[in-house]
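For reference, the structure is listed below as structure tokens.
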Number of protein chains: 2
Amino acid sequence: MSDHRNGLRRSSINLSDAIIPGLCAGCEARHIGLCDALADEDLHFLASVAKSHTVPKGRMFVAEGDKARHFFNINRGTAKLFKDLPDGRRQITGFVGAGDFVGLAAADHYAFTAEAINEVRLCRFDRTELRSVFTTFPALERRLLDVASHELILAQEQMLLLGRKSAIERLASFLLGWSDRAEICPNGAQALALPMTRADLGDYLGLTFETVSRALSALKRQNIVEVGKDHGVRILDRDRLSAFATSRS
Amino acid sequence: MSDHRNGLRRSSINLSDAIIPGLCAGCEARHIGLCDALADEDLHFLASVAKSHTVPKGRMFVAEGDKARHFFNINRGTAKLFKDLPDGRRQITGFVGAGDFVGLAAADHYAFTAEAINEVRLCRFDRTELRSVFTTFPALERRLLDVASHELILAQEQMLLLGRKSAIERLASFLLGWSDRAEICPNGAQALALPMTRADLGDYLGLTFETVSRALSALKRQNIVEVGKDHGVRILDRDRLSAFATSRS
DNA sequence: TGTCCTCGTTGATTTCGATCAAGGCGATGG
DNA sequence: CCATCGCCTTGATCGAAATCAACGAGGACA
């Protein structure tokens, strides 16, 4: 899970910072922003085509099938991206947080729905305007291609998880990945926050919420993780958790 | 499954054709080539950084973890892309054929392995050289971003399949998707060729080969598909197959 | 020709996770 | 305060797919 960042230069200037100064200050290296591709003085070009928005908890801000008019860059909060089947079954394809770019998985129309898990602040870019910015700053497009490549790698990792891993392996893999993301934006030795519900976790891992709960209990029982009152998780034994993430039983 | 092509202009000139004239002639509109982004007279720039190769059946031509030096464009034949777990479990993330571009899911190192299912002819591009071609022809990079977006859409569709669909739904979804690809390169009312084994299909659909075989038998029993002696499949009732692809039981 | 090997099909049994069910805890609100 | 609701946990049972097993068809090759 750490090699996937190697190919992407870490940003010293985050796009989000440029547009909403002060936000995400502790997170400037978070994941891969759309950052760093522009010189400081060019960032205002991007800012000019961005509109800042706040999405309340539970509100959907992208609907599958809608005409794809915008890209989004998350500044704060967490959202879930998912696809539904007509009978209500749901697959969450990813959780996105500060620094994450949303909207690549779209042709004419969005191929997914996005919903805020808690209050989300984001920047909205018009697709056509962003395209013209690309023409002026090709480095931005290069960066976007890197972001897309990175998402493809993650998607294939998730296919491996969904197609071939057991319930405990899925949960262990998720916790490791989630803690990797979180530690880029370090909150010290704090417990890892899990803003999503067990049901969301199930929809992400291809399990039911009961199975997620049981798998987490199993990890607690073995003193591999600790779950706080606030639902935060602390990883006690990263090595044994890693062992669970790939090996059978 | 048909809307995913809407956002991508169909190519009138296929890159593969330009480099190896005559190949893929019947497939020029196949999937999305890297095509059409360049004017006819500019294609030789691309050709100059490409090397044609033949990969025998069963031979691996990309190994997960290897330094990512090349991109590939398939001209002929079919290959499987996959990831393995240490204990041998395998997830095939995609089958690629004529016109398909391979190598996006890589940062510094490939995140997947690629192996020829039958004899494969392909063009190999040096990554760094291709990058410099981008600088001269930004339209190529734009096209590559479109290809990546399209692959992301497919990957999320596959996550839904792996996480939430039943065995029959998975097989039905695969057959529909596979026939969509094939009909772009029309072989008339012929049966649909399935060059991969049942085991490959299982590794793609997150099932065992026995379950794939049983699901296919179930579709045969209901006269929804017909399986020829050569393992080719003919879809007899596309509507009922579509119904299976999304609905429970 | 016969043997070996890969691939596919089908049947019997097992197992992991889904489903069904009950109850706990904390937040919200009358 | 208690009632309700959302979220989580745990237990009991069920079921879909995995596993184990046997066999058949076709191709490669001595």
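Reminder, nothing fancy here: chain letters follow the sequence lines and each chain counts from 1.
Taking side-chain N and O atoms only, B:Ser213 has a distance below 4.0 Å to OP1 or OP2 of C:dT9.
Within 4.0 Å of A:Gly206, counting heavy atoms only, lie sugar-phosphate atoms of the nucleic acid but no base atom. A:Leu216 comes within contact range of no nucleotide atom at all, as no heavy-atom separation falls under 4.0 Å. Counting non-hydrogen atoms under 4.0 angstrom, A:Thr208 reaches a base of the nucleic acid.
Ring geometry for B:Phe95 versus B:Phe174: interplanar angle over 60°, hence perpendicular rather than tilted (30 to 60°). Note: B:Phe72 and B:Tyr110 have tilted aromatic rings, judged against thresholds of 30 and 60 degrees for the angle between ring planes.
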How does DNA chain D look in dot-bracket notation if pairs are Watson-Crick or G-U with both distances under 3.5 Å, crossing ones as [ ], other-strand ones as |? ||||||||||||||||||||||||||||||
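Judged by distance alone, with hydrogens and angles left aside, the side-chain atoms of A:Ser213 form no donor-acceptor pair with the main-chain N or O of A:Phe209 at under 3.5 Å. Of the possible donor and acceptor atoms, none in the side chain of A:Lys165 sits under 3.5 Å from a partner among the backbone N and O of A:Leu160. Judged by distance alone, with hydrogens and angles left aside, the side-chain atoms of B:Arg170 form no donor-acceptor pair with the main-chain N or O of B:Leu207 at under 3.5 Å.
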Please write out the pairs of protein N or O atoms and N or O atoms of nucleotides 22-27 of chain D separated by less than 3.5 Å, giving the distance to one decimal.
{"from": "D:dG26", "atom 1": "OP1", "to": "B:Lys229", "atom 2": "NZ", "distance (Å)": "2.9"}

What does the list of N/O pairs under 3.5 Å between the protein and nucleotides 11-14 of chain C look like, with a distance for each?
{"from": "C:dG11", "atom 1": "N7", "to": "B:Arg214", "atom 2": "NH1", "distance (Å)": "2.8"}
{"from": "C:dG11", "atom 1": "O6", "to": "B:Arg214", "atom 2": "NH2", "distance (Å)": "3.2"}

